[in-house]
Amino acid sequence: MEKLINEFSLGLFFWQTLLFIALLLLLRKFAWKPILNAVNEREEGIREALTSAENARKEMQNLNADNEKLLKEARAERDSMMKDAREIKESMLTEAKDEAKAEAGKIIASAQATIQSEKQAAIAEIKSQVAELSIGIAEKVVRKELANDKDQSQLIEQLLKEVTIS
Amino acid sequence: MQRKTLLKILILFLVLNVVHVNAQHEDEHTESSELSLKESQKLERKEYIQHHLLDSYDFNLFSYKKDNGEKAHVGFPLPIILWDNGLQLFSSSKFHHGETVAENNGNYYKIDHNKIYKTDASGTINYDDHHHAINDKPLDFSFTKGAFMILLTCILMFLLFTSLAKSYVKNGGISKGFGRLFEPVVLYIRDDIAIPNIGEKKYKRYMPYLLTIFFFIWFLNIFGLTPLGVNVTGNIAVTVALALLTFLITNFTGTKDYWKHIFDPLGDTLPWFGKIPLYIILIPIELLGIIIKPFSLLIRLYANMQAGHIVLMSLIGLMFFFKSWFGSTLSFGLSFAISLIEVLVALLQAYIFTMLSALYFGFAAEEHEHHDEASAH
């Protein structure tokens, strides 16, 4: 302890205190404040950049989710539209088919009716012509061979046969 | 491979030892006055180390003996500033390294045991029974070697850190140049010393002091390890000045809670009549604590740096003690290893001083909520 007190020099103490306080004040003004401010600013900047990046990432995620949702909706809409179209097509086709069938039936029926009536008319005409012809033949036969009864009946029979064949 | 080299080194040491022993035998043959010479050399070395640890009035780089036996010193003188019935200002070269009496304005001064005493023209100094000088001592404000190194460190620090500060402005917030090396240290002091000990709210007030004191001690410690070897932080006056600042800042920035903690440590937990017998003991202890805290700071730094220098110089002194290759290699190896440890100690002591200062500031700046806690119970 005595050695310590003996070693203590007031001069050095004075210079140390003076120089150190001067250094402290000077550095505080010209070095530490600017350095700490710059470092703080930089850190603040980094923090801000990080949070903004995080926000951007979140926004991006939201956007993606929105896009996905929109896409899904669009897809669903398209599907439903396709389905509707298919149904409409189907119904139209069946309708058309039914209509066509009905029309065809009608046409066939009228054609058959026409054919029938034509046939009837033709038959009637043939009948009338046959009758005329037979009358003509009968006339000729009657004129030619009325003498012979046997021949007469034979002829009539033959004629009648022919008539039935034709 | 390693074994072989080890073996070689061992053999080398053995050979050197033999040489050494031979040399000793030869020494014994010479006169008996050799012994006294050795003793005096030993004394000289001890004195040299002690002298080195102290402050001095001139900046002496090294001394050697000329061929004609005269001592020569390489270095430069520093101003002597004394208050002795008026200001006395003169160069320390007048003392001729403490060997002669200096005269200024008709006053005579002489250096004895590293202190300046007033004396007469012939330089007589009277001693008491304990071999202490009893001459008048003028008030000594000399700009000594230590002060010179402090000034140098201050200038260096100022240039270094202002250039660092400027580089932030020039480079858009990113440091550049040599000062950049210290930016992580600045951040470390802020994030791992100041904020955890003082708290987020108040640390900013103390930052300039903590940063200055850390770099100041660190740089001076490192300077002490350079060949200049100026032992500034191992000087009691310097550590007292540093610790005194910590003490003053601690107590001048102390909050109400800090003082309450000293004069009323128990708070509302005990009725007043219960406190009286306890406080007779507690308050003096707390008051002593205020002084003991910075006192431990100053002693720790002083003792560590002083011890480091003594060990290093003693190891280097071994070289002269053994006077052989063996001694030199041993001394070199040991002092090299200790130097490396000292580099670590230089940083460590600066860290400890700063850390503890921050801790004390933390106590002083604390504002705890124990009032609410007490009422809640």
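In what follows, chains carry the letters A, B, and so on, assigned in the order in which the sequence lines appear, proteins first and then strands, with residues in each chain numbered from 1. Both backbone and side-chain heavy atoms feed into the values below; hydrogens, waters and symmetry mates do not.
B:I299 touches chain A through its side chain: at least one heavy atom from C-beta onward sits under 4.5 Å away, while N, CA, C and O do not. For a residue to count as touching a neighbouring chain, one of its non-hydrogen atoms must lie under 4.5 Å from one of that chain's; by this rule B:T144 touches chain A with the side chain only. Heavy-atom distances place the side chain of A:F14, and not its backbone, under 4.5 Å from chain B. Only the side chain of B:L139 comes within less than 4.5 Å of a heavy atom of chain A; its backbone N, CA, C and O stay farther away. The part of B:V186 that comes within reach of chain A is its side chain, from C-beta onward, which places non-hydrogen atoms under 4.5 angstrom from that chain. Residue A:L25 does not touch chain B at all, counting heavy-atom pairs closer than 4.5 Å. Looking at B:M207, only its side chain comes within 4.5 Å of chain A, counting heavy atoms on both sides. Residue contact with chain A, scored on non-hydrogen atoms closer than 4.5 Å, is absent for B:K166. Interface residue B:D55: only side-chain heavy atoms are found under 4.5 Å from chain A. When heavy atoms are compared at a cutoff of 4.5 Å, B:F182 does not approach chain A at all. Of the atoms belonging to B:Y209, heavy atoms from both backbone and side chain fall under 4.5 Å from chain A. Of the atoms belonging to B:F143, heavy atoms from both backbone and side chain fall under 4.5 Å from chain A.
Within the model, atoms CZ of A:F20 and CD1 of B:I150 stand 10.5 Å from one another, a figure rounded to the nearest 0.5 Å. Taking CD of A:Q16 as the reference point, atom CG of B:L220 lies at 7.5 Å (rounded to 0.5 Å). Rounded to the nearest 0.5 angstrom, A:L12 CG and B:I236 CD1 are separated by 11.0 Å. A:W15 contributes atom CH2, which lies 9.5 Å from atom CZ of B:F141 (distance to the nearest 0.5 angstrom).
Around NZ of B:K202, the count of heavy atoms belonging to other residues, nucleotides or ligands within 6.0 Å exceeds 12.
When the heavy atoms of residues 32-58 of chain A are compared with those of chain B, the residues falling under 4.5 Å are A:W32, A:P34, A:I35, A:L36, A:A38, A:V39, A:N40, A:R42, A:E43, listed by number.
Heavy-atom minimum distance, A:L23 versus B:F158: CD1-N, 4.4 Å.
Under the rule for a side chain to side chain contact (heavy atoms under 4.5 Å, CB included), the partners of B:K94 that lie at least two apart in sequence or sit in another chain are B:F90, B:A102, B:N104.
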